Amino acid sequence: MLTERISEALREALAALGAGNARFRLDRPRDTSHGDLATNAAMAVAGRLSRPPREIARDLKERLDGIDGVERVEIAGPGFLNFFLDAGAMGGRVQAILGRGERYGRNEDGRGRRVMVEFVSANPTGPLHLGHGRQAALGDAIASLLEWSGWTVHREFYFNDAGGQIHRLAISVRARYLQLLGHDASVPEDGYQGEYVSEIAAGLIERDGPRYEDDRSEEALEAMRGFAVALLRREQERDLAAFNVRFDEYYPETRLYSDGLVANTISKLRETGLTYREDGALWLRTSAFGDQKDRVMVKSNGSPTYFLPDVAYHMNKWERGFHHVINVQGSDHHSTVDRVRAGLQALDRPPGYPEYVLHQMVTVERDGDEVRFSKRSGSYTTLADLVAEVGADVARYFFLMRRPEGHLAFDLDLALDQSDRNPVFKVQYAHARLCRLFELAGKKGWVADHDTLISADTSLLVDRSEREVVKQLAEFPALLRRAAAGRAPHLVCDYLEKTAGMVNSWYQTGHPTRNPALSALVDDPALRAARLALAGAARTVLHNGLSVLGLDAPRRMVRDD
RNA sequence: GCGCCCGUAGCUCAGCUGGAUAGAGCAUCGGCCUUCUAAGCCGAGGGUCCCAGGUUCGAGUCCUGGCGGGCGUGCCA
């Protein structure tokens, strides 16, 4: 593409001036009088070359003349180089987009490399809540962005099916089970109070009858535990499926024990000489690797803390061949980051392994006030309820449109709004509107197939409204690259909203009631083909962008009033 | 106390590796439907980028010190 050609020419020119490998920007200036593309290259290397930026810009400009598709280059301001593209090059970008089609925006940066994204990882102790929802949307979108960058991506869900929380679940189920059978029993204070626990107990009676009624053995409790975990796991999976999120693998904590990985990790850590006994517990000197303080590995009662299986699990990820791992977690878990990494460094893994994306919590607001509208969970709003209320696409988009590290106030009024206020509909509608143009062209008997569009004379796209759209569309690949590198799906949302706005603007400019001469559906076949090519390119970008985020790109919008 | 994150328009938030006059949506006000879906478009007003220093050709962005808010700081997960 043209941007790459200019970028390459700039690199060569900089090398010739003695500033090879310099970092510079080449992007679209806000102000169109500053050209179609602009670079800060001269300023960026001024310090290194100890020369005035404008002088360097002059030298660069001399070496940049004659790039195919560039009409002229100007020096401006403190030393910017502004590139003005000719009509042919501008139009050529449309062809390039159409040529790539559903692959437009993909790159091969991660080719041949594997990455694991671990996310959601909810304990099977209850229905998924909104924090899990945000994490599901975030993890899936980050995984998708990496796939668009050529990585081979493994989506993994880790669940804690052992330990104290699960034990409390089992006790709670037993209490409800006994209640349903007419016995006097109560759920302990630190147990699980939600209605779903009774549902589990009822399911247990249906399957096994009253056989645990008088059985206080560990085996009976174990059967209840197993039943509850399996049921909740199925339910979580069903809720995630309704949210269009799927995993390649579900990894249970108990496997770390049954496969001997926890025991193995203990002995490996002991071999490092970084462990010691104190107050009856076994500690690891994590402070040697930047942790705030040392951590207990094995409690004085002989059972491991959660820290140990975490380390064992990440050693296992590494041994499975995942040297790039991204864990998406709520920021309330951020204290585990340093200690897990410290434990892994003790075992000679690199300091930055694994990578973490931490997100803040979610609240739902209606009329500016926080609301909770879930009955089953007992205390919190569930993901399933939210999805039932607003739909998967809206929920996903809203979870993604803010930076992960900020608190997310889910605006329920806006989410339920089917008007222009709702960004999801705005983007989807812009896509549907472009599809509609092709439908109408077809009705008039005009050929607008792929071959026609890709061979259209797009140098006819000279109107400002058209050129602005083309420039926006041309930025899509760089945008995806940036979003992938920054683990930042919200950038895609921003981009799509802006693109949809520009598409709508362009569409209105050429609306028959306003300015028929600029309509996409003009009588002049050559002009029509060029504009439909632009419409096709825009539709491709909106479609691909929505697809990266895991959203549908409808060909037609149906409003349910 | 210490660690991490956040602080940008009335509201919700973008802002890339430091780059040209700080942007978007909503809200407010004024225009635009006999013609491709007005679920839209055009225009206007609206800013101490939390504060104070520093780094430099240039700081919302980097550094230091404050202020305000969130989370964490367990032999809980």
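Model, not experiment: these values are computed from the prediction. Letters go in sequence order (proteins before strands), and every chain restarts at 1.
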Lys/Arg-Asp/Glu bridge criterion (N-O < 4.0 Å) met for Lys426(A), Glu497(A): no
Under 3.5 Å for both donor-acceptor distances, Watson-Crick or wobble: does G47(B) have a partner, and if so which one? none
Quick one: sort the Trp283(A) and Tyr276(A) rings into parallel, tilted or perpendicular, breaks at 30° and 60°. parallel
Rounding to an integer number of angstrom, what distance separates G70(B) and C63(B) when you compare their P atoms? 24 Å
Regarding Ala432(A), tell me which of base, sugar-phosphate or nothing describes its non-hydrogen contacts under 4.0 Å with the strands shown. nothing
Would you mind reading off the distance between Met43(A) atom CE and U17(B) atom P, rounded to a whole angstrom? 16 Å
Could you walk me through whether Arg233(A) and Asp161(A) pass the salt bridge (charged side-chain N to carboxylate O under 4.0 Å, His left out) check? CA-CA 10 Å; Arg233(A) 278 287 321 117; Asp161(A) 56 344; over 6 Å; no
When rounded to the nearest Å, what value does the distance between C1' atoms of G1(B) and U17(B) take? 36 Å
Looking at Gln472(A) and Tyr495(A), what are the two nearest heavy atoms and their distance? O-OH, 2.7 Å
Aro-ring/base stack Phe80(A)-A20(B), d under 5.5 Å, angle under 30°: yes
Is the phosphate of C6(B) approached by Arg402(A) (side-chain N or O, under 4.0 Å from OP1 or OP2)? no
For A38(B), does OP1 or OP2 lie under 4.0 Å from any side-chain N or O of Gln508(A)? yes
Only one of Val340(A), Val328(A), Ile326(A) passes side chain to side chain contact (heavy atoms under 4.5 Å, CB included) with Tyr356(A), and that residue is Val340(A)
If pairing requires Watson-Crick or G-U wobble contacts with both distances under 3.5 Å, which nucleotide is the partner of G72(B)? C2(B)
Touch class at under 4.0 angstrom, heavy-atom based, for Arg403(A) against every strand present: sugar-phosphate
Contact under 4.0 Å: Arg514(A) side-chain N or O vs C32(B) OP1/OP2: no
His34(A) vs G19(B): side-chain N/O to OP1/OP2 distance below 4.0 Å: no
Roughly how many Å is it from CZ in Phe24(A) to P in G58(B), rounded to a whole number? 24 Å
Atom-pair distance (CZ on Arg23(A); P on U61(B)), nearest Å: 19 Å
Which is true for Ser331(A) with a 4.0 Å heavy-atom rule: it touches a base, it touches only sugar-phosphate, or it touches nothing? sugar-phosphate
OP1 or OP2 of A24(B) sitting under 4.0 Å from any side-chain N/O of Lys426(A)? no
Are OP1 or OP2 of A24(B) and a side-chain N or O of Tyr495(A) less than 4.0 angstrom apart? no
Hey, is the side chain of Lys293(A) poking within less than 4.0 Å of OP1 or OP2 on C75(B), counting only N and O atoms? yes
In whole angstrom, what separates Glu55(A)'s CD from C57(B)'s C1'? 14 Å
When the P atoms of A20(B) and A59(B) are compared, how many Å lie between them, rounded to an integer? 11 Å
Counting only side-chain nitrogens and oxygens, does Ser505(A) get under 4.0 Å of the OP1 or OP2 atom of C42(B)? yes
Set out, in order, the CA-CA distance, both residues' side-chain angles and the distance that settles side-chain hydrogen bond (donor to acceptor under 3.5 Å, both in side chains) for Glu74(A) and Asn82(A), then state yes or no. CA-CA 5 Å; Glu74(A) 286 180 0; Asn82(A) 296 335; 5.1 Å; no
Counting only Watson-Crick or G-U wobble pairs whose two distances fall under 3.5 Å, which nucleotide matches U55(B)? none
Using Watson-Crick or G-U wobble geometry with both distances under 3.5 Å, which nucleotide pairs with G23(B)? C13(B)
Distance criterion of 3.5 Å, no angle test: do you see the side chain of Asn504(A) paired donor-to-acceptor with the base of A39(B)? no
Looking at every strand, decide which applies to Asn82(A) at a 4.0 Å heavy-atom threshold: base, sugar-phosphate, or nothing. base
Answer yes when Lys317(A) and Glu156(A) have at least one side-chain N-carboxylate O distance shorter than 4.0 Å, and no when they do not. no
If you only use heavy atoms from C-beta on, which nucleotide in A77(B), C76(B), C16(B) is closest to the side chain of Lys299(A)? C76(B)
Specify whether His129(A) and His132(A) have parallel, tilted or perpendicular ring planes, treating 30° as the upper limit for parallel and 60° as the lower limit for perpendicular. parallel
Classify the nucleic acid contact of Asp338(A) as base, sugar-phosphate or nothing, counting any heavy atom under 4.0 Å across all strands shown. nothing
Regarding Ala441(A), tell me which of base, sugar-phosphate or nothing describes its non-hydrogen contacts under 4.0 Å with the strands shown. nothing
Would you mind classifying the nucleic acid contact of Gly330(A) as base, sugar-phosphate or nothing, using non-hydrogen atoms under 4.0 angstrom? nothing
Residue Leu491(A), side-chain atoms from C-beta onward, closest of C75(B), G15(B), A77(B): G15(B)
Closest approach to the side chain of Gln292(A), judged atom by atom: which nucleotide of C76(B), A20(B), G3(B) is it? G3(B)
Answer yes or no: does a side-chain N or O of Arg30(A) lie under 4.0 Å from OP1 or OP2 of G23(B)? yes
Measure the distance from CZ on Arg482(A) to P on U61(B) and round it to the nearest whole Å. 19 Å
Whole angstroms only, please: what is the CD-P distance between Glu468(A) and C42(B)? 12 Å
By nearest-nucleotide position on RNA chain B, the 5'-leaning member of Leu440(A) and Arg339(A) is Leu440(A)
Heavy atoms under 4.0 Å, any strand shown: does Glu475(A) hit a base, just sugar-phosphate, or nothing? nothing
First encountered from the 5' end of RNA chain B, between Ser300(A) and Leu437(A): Leu437(A)
Among A20(B), C71(B), C36(B), which nucleotide has an atom closest to any side-chain atom of Tyr507(A)? C36(B)
Listed nucleotide nearest any side-chain atom of Leu521(A), set C36(B), A77(B), A20(B): C36(B)
Below 4.0 Å: OP1/OP2 of A38(B) and any side-chain N or O of His511(A): yes
Could you check whether Arg555(A) makes a cation-pi contact with Phe438(A), meaning its NZ or CZ is under 6.0 Å from the centre of the six-membered ring and within 45° of the ring axis? no
Figure out the OH/P separation between Tyr356(A) and C5(B), and round it to whole Å. 16 Å
Considering only C5(B), C75(B), U21(B), which nucleotide approaches the side chain of Glu405(A) most closely? C5(B)
Which nucleotide, in any strand shown, forms a Watson-Crick or G-U wobble pair with C41(B), with both distances under 3.5 Å? G31(B)
Would you kindly check whether a donor in the side chain of His333(A) faces an acceptor in the base of G72(B), or vice versa, at under 3.5 angstrom? no
Under the rule syn = chi within 90° of 0, otherwise anti, which is C51(B)? anti
In whole Å, what separates the P atom of C62(B) from that of G15(B)? 12 Å
Gap in Å between the two C1' atoms, one belonging to A27(B) and one to U73(B), rounded: 41 Å
